[in-house]
Amino acid sequence: MTSENSTAPAISVEGLWQVFGENTQTALREALDAVDQTAIAETLVGRGLIPAVRDANFEVRKGELFVIMGLSGSGKSTLIRCISRLLEPTAGAVHIDGEDILQADEKRLIDLRRNKLGMVFQHFGLFPHMTVTDNVAFPLKMQGASKKVRVARAAEVLEMVGLEGREDAYPRQLSGGQRQRVGIARSLAVNPDIWFLDEPFSALDPLIRRQLQDEFLHIQATLKKSIVFITHDIAEALKLADRIAIMKDGEIVQIGTPEEIVLRPVNDYVAEFSKDVPKGRHACVESVMLEAIPENMPDDPGLRVGMTLDMALAKCMSLYEPVPVHDAAGKLVGAVNPADLAAALQVDEV
Amino acid sequence: MSVIERATRKGAMALTAGTKAALFVIVIGAICRLLGPSVDWLVSWPDALVLPITEWVGLGVGWVLDVFKPIARFFSYLLNFPMSWASFVLGETPWPLVIGMVTALGWYLGGLRMALLGALGLGFVLLSGYWAEGMNTLALVAVSVPLALLSGLAIGVLAYEKPRVKNAVNVVLDVMQTVPTFAYLTPLLVLFGFGPVVGLIASAIYAAPPMARNVLLGLERVDDEVREAAVMSGATRRQQLFLVEIPSATTQIMVGVNQCLMAALSMVIIAAVIGGFDDIGWEVLLTMRKAQFGQSFLAGLVVVIFAIIIDRMSGKLAEPREKHSPKVVWSILAIAVASAIAFSLTGWNSSDVRAFDGVADAVDSGVGAFTASNGATLDALKNNAMFYGLLPLRIGLSDAVLPFTWGFKWTLTHTLMLYGVAVAIAGLLTWRGKPTAGLTTLIFVGMVEVGIAQLAWPFVLAGAGALGWVAGGQKLARFAVVLLVFILLTGLWERALLSLYLSGAAVFACAVVGGALGLWAAVSRTAWAILRPMCDLLQTIPLFVFLIPVLMFFQIGEFSAFLAICMYAVVPMIRYTRHGLVSAPEEIIEAARASGAGKWQEMFEIRGPYAAPTILLGLNQTILYAFAMLVIAALIGTTGLGQSIYLALGKADVGLGLTAGAAMAILALVADRLVQGFAEERRKALGL
């Protein structure tokens, strides 16, 4: 994360509202007099309007992977469409690299999309009448690149997502995972700075999903894009995110690092999400360190700052000798090594 | 007991919608029935209140037409060029080349099957001796279809791009498709003058709406994400439309092309009524008029073959394309060229071959012999259907039952007995907890006693209003009543009722027969294997051709018209019934089976209710088909609006033609909206 950069954040969103219905601008302006956004939203609902995004405020730093997490209907897809201006927000401001893109005219917007923005869609959004190569090269064609350049660049990104050899296939001939690889390749074709991903892995089988998540992290490690990533899967959010924003009913209820979300949820709603999350995997030893250092510490299993709780526990357990195991009647039937217990609970790190 | 309480409360609930409406209709009906004989204006709309709408329309439209006449005539002059080119090219191209090209096209589109269809089909046309006439028809289609495709595409894209235009376009398209085909012809005849150009333009007008609809539908169905992906790639609006959205919608657009071609062909055939062009439609009409049924059967077959070739080949456009070797295309073409040269050297002329004249004569004599030997049976069939079915429906039991036919005279006692029985049935049904069904029965008995053509207008208005209210609330009720009042004001009411009676009888017959066949096809695979190609064929045949077989056996008259309408209109009923019944989700069916439902229980308890909205849509199609055919059937002797439209065409009376056409369209529209309302209500009730 390169937040020490003194320049503007990659994306900043201020007071963003998206209201669906008739005459939403006027209605919102009148309703904005109310005290807080809950009251405003109630006024709007009372007038038969749907406030899909309510007063969203956040920043995405350069090179940051920012995940927006929420259940269906929470407004996350609407929010990403406001930022990419596929929808016109009702009120608020969106700056990309310091430029107010809500003020951008049609021409500037097309220019931005041709050069700076890339987007991946939940159901891939592939053009059914084009081959894989033509799909991937489409944004380049819009840029006005020559056929030769397009084909070369398409081959390059297709190789990056592991699809070499399928260049001439049509989307209908590909599996779901392959289709999304095409989607990812297409969004990267013009090498954009800002990368929007709208639930890119939600429509895939669990195994393929994990595989693509890992490859995605790998690609991001080399490309360092500024990313807005939408998901409804808390495990995915925790796995990928630098920071997470949790949305409920159009409202962002908490923004924080995965650890903050898991260990310090601001309310029951957020807590409910992280209930089933194995905290040992996402929290580090610092989060449970004592305030004062005890004088007498005979054991030192070698814990380090930044170690997950799971890992730390395994280290501690390795200090112990094997212990006995009894049957229901109290008879000794065997022995277990505590280090093995901890290892069995460990999740393989990728 | 609580069960009884609940049952009564349910009864009271039912009184709110359908029952109320039925009661209202019964009250109005009873008043009209009691006062009808003494109060004249209840039964027939007073002449004093008839507005001279026909004349106004005639004057108004006539004036507009006069203004546009020079432009139209010029346009018509221009159109003559592509038309004469097309008919020159098609007419002068040696037939082996035409057959070869169609066969090659068939191979390219659909492999061996399509190639064979093309070769054998056109081979038949060649040998039938109708090659020249057939090529003339194709020339008309070849000019009108590009016109229709382009304007359809433009209209579809415009409606898609400008949401404000969309509603207007939809209304216009609705009207264009419900206004009967003949009604188009009269103003066009005045505008463009006598000749084939009228048929050409009529067919372009008639064929454009399905194209426009499918373009719009296809564009609207483009996946949102595909659209957004184009936007995010930085495409301009025009790039989005032409590089992404239209190509993505290709499949649906090709369905439009297929429908457009079929509509154009159908209309070109119908437009032969105007005459002036030596095409195959004219040949059918001419031979039909001369009662040369063998020849007209042959010409009709040629039309059917064209229709099948065009339909199946263009239908392939909407399917995923398989690769067929281009080498075969080239070899077919090479053979075609070679044989063209060979035949031109030998000087063999296709119009000399009338290989099937023998067949035509055989058909003629066969039909003659058949009707001669079975004349009594055919007459009995026709007369029984007329005397015991159609006639009572038309003029009511009280007038139709005569000593001459039924063996006794209908008296007041009979009327009272009939109503007594009806009231008893209604009472019984109400007691069984189905008051709406009981009251509806009573209404139907009343209608049969009075006769549809003699129904009092307040009763019809009340009935349509009540149906509208139940199906779609006040708005629909108002829509139905207002439009019907328009027909009253035009003075075409009696004719409208006659049309209503004939199409009503046909729709009823189609609903019963088609429903039963659909059920059969849903139960038995064998049945569907037999019915399906028949349905396909019946839907491909241009309307006109249906008249030939009924004429052959039953001569001119209402019964023939009735049969022709039924043959054409029964298809959607069969298809939709079957489709609705077989398409219930597997999970529901498994749940029913797991609950121990037998085959018929499954059919009537589960599949039936689930299929109800689909079956209603089928009924809706059947109604529209019946109205469309009704006008064509006017050629073989029906009374009613169809006849008016046909007469207006003969006299080039624009006012009468348009007004009667509008009245016909109104009947179709009202029926359409009512049935759709019920279907929609059912769908909502099922949560679909």
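Since we're looking at a predicted model, the values are computed, not measured. Computed from heavy atoms alone, side chains included, the values below leave out hydrogens, waters and symmetry copies. Letters go in sequence order (proteins before strands), and every chain restarts at 1.
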**OP:** Please test D536(B) against R575(B) for salt bridge (charged side-chain N to carboxylate O under 4.0 Å, His left out), starting from the C-alpha separation and ending with a verdict.
**Re:** CA-CA 10 Å; D536(B) 285 348; R575(B) 274 186 196 283; 2.5 Å; yes
Original post:
Can you tell me if T231(A) and E236(A) form a side-chain donor-acceptor pair at under 3.5 Å?
Top reply: yes
Subject >> Interchain contact, T250(B) with chain A, by part (heavy-atom threshold 4.5 Å) >> reply: neither
**OP:** Classify the side-chain pair S77(A)/D198(A) by whether it contains a donor and acceptor separated by less than 3.5 Å.
**Re:** yes
Original post:
Quick one: which of Q180(A), Q122(A), H123(A) gives a side chain to side chain contact (heavy atoms under 4.5 Å, CB included) with S202(A)?
Top reply: Q122(A)
Subject >> Most chain B-contacting option - heavy-atom pairs closer than 4.5 Å, from R81(A), M119(A), R172(A), K141(A) >> reply: R81(A)
Original post:
Which bit of L86(A) comes within less than 4.5 Å of chain B, counting heavy atoms only: side chain, backbone, both or neither?
Top reply: side chain
Original post:
Checking Q239(B) against chain A: side chain, backbone, both or neither under 4.5 Å from a heavy atom?
Top reply: side chain
Original post:
Centre of F127(A)'s six-membered ring, under 6.0 Å away, within 45 degrees of the axis: is that where NZ or CZ of R186(A) sits?
Top reply: yes
Subject >> Part of F124(A) lying under 4.5 Å from any heavy atom of chain B >> reply: backbone
